[in-house]
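Below: one structure, written as structure tokens.
Ligands are counted one by one from 1 in listed order, and the atoms in each one are counted from 1 as well. Not measured: the values here are computed from a predicted model. Scope of the values below: all heavy atoms of this structure, side chains included, with no hydrogens, waters or symmetry mates.
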Amino acid sequence: MSSQRTFSIIKPDAMRKGHAGAILAEIDKAGFRIVAIKKLFLSKSQAEGFYYVHAHRPFFDSLTTFMSSGTIIALALEKENAIADLRKLMGATNPANAEEGTIRKKFAGSIEENAIHGSDAEDTAAFEIGYFFAGLELV
Ligand code: GDP
């Protein structure tokens, strides 16, 4: 399979707990190339725009409040099979169900405060990369 891009966020819980460096090391060790990276602090409405597909879910308000509660690191990543491989490295949404050795098993505290985001498909990856990065920032 040829090279594929995905999008990731180190979420506010992991930033607050000082896990950003360790998570970046896991991403690096797994063979992802960083195409773009930035640290930022989302507003509530920016978080709502990012998670618009979940707008009808009961946890939408709580999730977007959490995602705008502190700084995050946004990442565009590249490797073969990047989308599926990052999802595997992250582990299940609920850390209680995450496999041993995954980022969420190691660093997530709850189903909401689960340390990391990763795109779930090619169309969402393209939307999410474009939401955070301009074309000239992808190198
Ligand atoms: P992901 O692709 O594994 O991140 O999971 P989803 O796309 O289903 O959900 C997006 C994010 O919403 C998750 O990463 C969690 O932060 C949060 N979330 C998912 N399910 C729940 C839930 O049942 N309750 C709460 N409070 N948050 C949730």
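Looking only at side-chain heavy atoms (C-beta outward), Ile111 and Thr93 come within less than 4.5 Å of each other.
Counting only heavy atoms of the protein, atom 13 (C) of ligand 1 lies nearest to Asn114 ND2, 3.6 Å. Closest to atom 26 (N) of ligand 1 among all protein heavy atoms lies Glu112 OE1, 3.0 Å. Residue, atom and distance of the protein heavy atom nearest to atom 2 (O) of ligand 1 are Arg87 NH1, 2.8 Å. Counting protein heavy atoms only, atom 9 (O) of ligand 1 is closest to His54 NE2, 3.6 Å.
Look at Met67 and you'll find every heavy atom at least 4.0 Å from all atoms of ligand 1.
A continuous path of Ile, Leu, Val, Met, Phe, Trp and Tyr side chains, each step under 4.5 Å between heavy atoms, connects Met90 with Leu75, placing both in one hydrophobic cluster. One hydrophobic cluster holds both Ile37 and Met15 under the rule that ILVMFWY side chains link at heavy-atom gaps under 4.5 Å.
Residue-level proximity to ligand 1 for Glu113 is absent, since no heavy atom of it falls below 4.0 angstrom. With a 4.0 Å heavy-atom cut-off, ligand 1 is reached by the side chain of Lys11 but not by its N, CA, C or O.
Applying the side-chain hydrogen bond (donor to acceptor under 3.5 Å, both in side chains) test to residues at least two apart or on different chains, the pairs with a partner in residues 22-35 are Glu26-Lys106, Arg33-Glu78. Screening residues 53-67 for side-chain hydrogen bond (donor to acceptor under 3.5 Å, both in side chains) gives Lys44-Asp61, Lys44-Thr64, Lys44-Thr65, His54-Arg57, Ser62-Glu112 as the qualifying pairs, with residues at least two apart or on separate chains.
At most 12 heavy atoms of other shown residues, nucleotides or ligands fall within 6.0 angstrom of atom NZ in Lys88.
Within the set Ile111, Leu63, Thr93, Val53, the minimum heavy-atom distance to atom 1 (P) of ligand 1 is found for Thr93. When the heavy atoms of Phe66, Phe60, Phe59 are ranked by distance to atom 25 (C) of ligand 1, first place goes to Phe59.
A donor-acceptor contact shorter than 3.5 Å is absent between the side chain of Ser3 and the backbone of Glu80.
Annotation for ligand 1: atoms under 4.0 Å from non-hydrogen atoms of Arg104 are 1 (P), 3 (O), 4 (O), 14 (O).
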